[in-house]
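To start, the structure itself, in structure tokens.
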Amino acid sequence: MSGSPAVSRQEFDAIFAAVRTWGSWSPADRGAWNRVTPEQVRRATALVRSGTAVPLGLPWDTRAGPDNDRPALHHMTDLGDVEPPEPATYKDFIAADFHGKAVSHLDALAHVAYRGRLYDGRTAREAVDASGARFGSVAALGPLVTKGVLLDLPAVLGVDWLEPGHPVRARDVADAERALGVTVDDGCAVLLRSGRFRRRREIGPWDVGAASAGLHVDAVPLLAERAIALLGGDGDSDLRPSPVEGVHSPVHALAVAAMGVPLLDNLDLEALSAACAGAGRYEFMIVVSPLNVPGGTGSPVNPVAIL
């Protein structure tokens, strides 16, 4: 974890307090998505020029591997032979324990608690139980249409990918903005490309829960200052191993529990990287439409970037 300074628990708690936005919005369980007003949506539509639509979700992965210890399920339930003929129908079943490393998904505000508190200071044990979440569920979020910004770190650094354990720090975010000609600002969605899936396709899978490129906690105050609405990437945004002793996913804690910023995990950003390079711009409209699951802590999702 060269170049990734350790952060004490005391220092982390100070950052958590500094970026916290509790009490800022109503409804509180939409968190930072309250920043996206109709004006923000209109701003996003103005970024559509070529009309190129780029899906960001991974294929549904039913194969076990080092980065998929809970494979998704898919099987057929009707092969057209159990109903009267004409028309024959073919049906299937899908399911996933999606909060892992293999399914593209959205983390709602009920997904992460720090020191027993969800976003807005809600007591986690009172808000979430075996029946689901009564605060911060994915059903409270609804769809999001806003400006998206791709921070394509391999493109900036002239490499194919960032090696696992590579920290993306505040200065790297600022350097990427300048190099790519983008501005992270109020209500936008920030997507961080590390090149994870190019590396996986060329070298093979590895345990990304043990080692992955991602944001160092010192980058989060900058994103908080810019008032973002959504954070995502081709990993889960967190640097692994964690630089904070006793906190395995510090960016999750800061973004979701402190800032009220939902996360997009495990996006395939390779096609978007190529499309942005071809268009010569790294800003676009993004559409995120999670499943409407009452009480759900998140949802599988296939976001779409439109250039």
Side-chain angles (χ1 to χ4, degrees), residues 29 33 54-79 89-113 118 124 127-144 189 191-194 196-197 199-201 204-210 212 214 230-238 240 248-249 251-252 255-256 261-272 286-305:
D29 50 2
W33 281 21
V54 184
L56 308 179
L58 293 171
W60 200 248
D61 195 348
T62 60
R63 296 173 297 174
D67 53 357
N68 190 13
D69 59 350
R70 292 168 288 170
L73 303 178
H74 176 225
H75 64 258
M76 300 302 296
T77 59
D78 188 343
L79 294 176
T89 60
Y90 300 82
K91 306 172 186 174
D92 47 1
F93 166 91
I94 61 171
D97 186 358
F98 59 85
H99 284 300
K101 310 300 181 187
V103 177
S104 301
H105 67 270
L106 178 75
D107 291 340
L109 302 190
H111 177 53
V112 178
L118 298 173
V128 186
D129 59 21
S131 66
R134 290 180 294 278
F135 173 83
S137 82
V138 70
L141 290 173
L144 182 77
L191 306 182
L192 174 67
R193 176 177 175 260
S194 70
R196 169 191 171 187
F197 289 104
R199 187 182 194 276
R200 189 183 193 276
R201 289 160 190 162
W206 73 98
D207 182 359
V208 294
S212 59
L230 178 65
L231 177 62
D234 53 10
D236 65 3
S237 295
D238 262 292
R240 302 190 188 281
H248 65 81
S249 300
V251 172
H252 274 65
V256 179
V261 172
L263 295 178
L264 285 172
D265 294 348
N266 310 318
L267 302 178
D268 188 342
L269 299 177
E270 296 308 298
L272 180 60
I286 186 169
V287 179
V288 183
S289 187
L291 298 176
N292 186 357
V293 183
T297 62
S299 167
V301 70
N302 183 19
V304 178

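Note that the coordinates shown come from a computational prediction; the quantities given were computed from them, not determined experimentally. All residue numbers in this chain count up from 1 along the given sequence.
- Under the salt bridge (charged side-chain N to carboxylate O under 4.0 Å, His left out) criterion, D97 pairs with R70, not counting sequence neighbours.
- Scanning for side chain to side chain contact (heavy atoms under 4.5 Å, CB included) contacts around N292 gives A139, P294, with sequence neighbours left out.
- Between S104 and N266, the shortest heavy-atom distance links the atoms OG-O, 2.6 Å.
- Applying the salt bridge (charged side-chain N to carboxylate O under 4.0 Å, His left out) rule to D236 yields the partners K101, R240; only residues at least two apart in sequence or on another chain are considered.
- Once rounded to the nearest 0.5 Å, the distance linking OG1 of T89 with NZ of K91 reads 4.5 Å.
- Heavy atoms only, all atoms of each residue included: F197 and D234 are closest at CE1-O, 3.4 Å.
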Return a table of donor-acceptor pairs under 3.5 angstrom between the side chains of residues 54-66 and protein atoms on other chains or two or more places apart.
unit_1: W60; atom_1: NE1; unit_2: L73; atom_2: O; d: 3.0
unit_1: D61; atom_1: OD1; unit_2: R63; atom_2: N; d: 3.1

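- With sequence neighbours left out, F135 forms a ring-ring contact (aromatic ring centres under 6.0 Å, His included) with no residue at all.
- A search for side chain to side chain contact (heavy atoms under 4.5 Å, CB included) contacts involving V256 returns L109, V112, L263, not counting sequence neighbours.
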Item to check | Verdict with supporting geometry, D107 and H252, side-chain contact (heavy atoms from CB on, under 4.5 Å) | outcome: CA-CA 9 Å; D107 291 340; H252 274 65; 3.2 Å; yes

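- When the side chain to side chain donor-acceptor pair (under 3.5 Å) test is applied to S131, the partners found at least two apart in sequence or on another chain are D129.
- Partners of H99 under the ring-ring contact (aromatic ring centres under 6.0 Å, His included) rule, at least two apart in sequence or in another chain, are H105, H111.
- Contact detail for L141 and D29: the closest heavy-atom pair is CD2-O, 3.9 Å.
- Applying the side chain to side chain donor-acceptor pair (under 3.5 Å) test to H74 and every residue at least two apart in sequence or in another chain returns D92.
- Judged as a side chain to side chain donor-acceptor pair (under 3.5 Å), and not counting sequence neighbours, S212 has no contacts.
- Take V301 and apply the side chain to side chain contact (heavy atoms under 4.5 Å, CB included) test, not counting sequence neighbours, and it matches L106, L264, V288, P303.
- Remark: the backbone N or O of V208 is not paired with any side-chain donor or acceptor of D67 at under 3.5 angstrom.
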Next on the checklist: Checking D78 against M76 for the side-chain contact (heavy atoms from CB on, under 4.5 Å) test, could you report, in this order, the C-alpha distance in whole Å, the side-chain angles of both residues, the deciding distance, and whether it holds?
Outcome noted: CA-CA 6 Å; D78 188 343; M76 300 302 296; over 6 Å; no

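- Residues I286 and V304 are not in side-chain contact: their nearest non-hydrogen atoms beyond the backbone lie 4.5 Å or more apart.
- With respect to E270 and R201, no salt bridge is recorded, no charged nitrogen being found less than 4.0 Å from a carboxylate O.
- Between L230 and P262 the shortest heavy-atom distance is CD1-O, 3.2 Å.
- Scanning both residues, F98 and P300, for their nearest heavy atoms gives CD2-CD, 3.7 Å.
- Residues that satisfy the salt bridge (charged side-chain N to carboxylate O under 4.0 Å, His left out) test with D207, not counting sequence neighbours, are absent from this structure.
- Annotation for A110 and A133: closest pair CB-CB, 3.5 Å, computed over non-hydrogen atoms.
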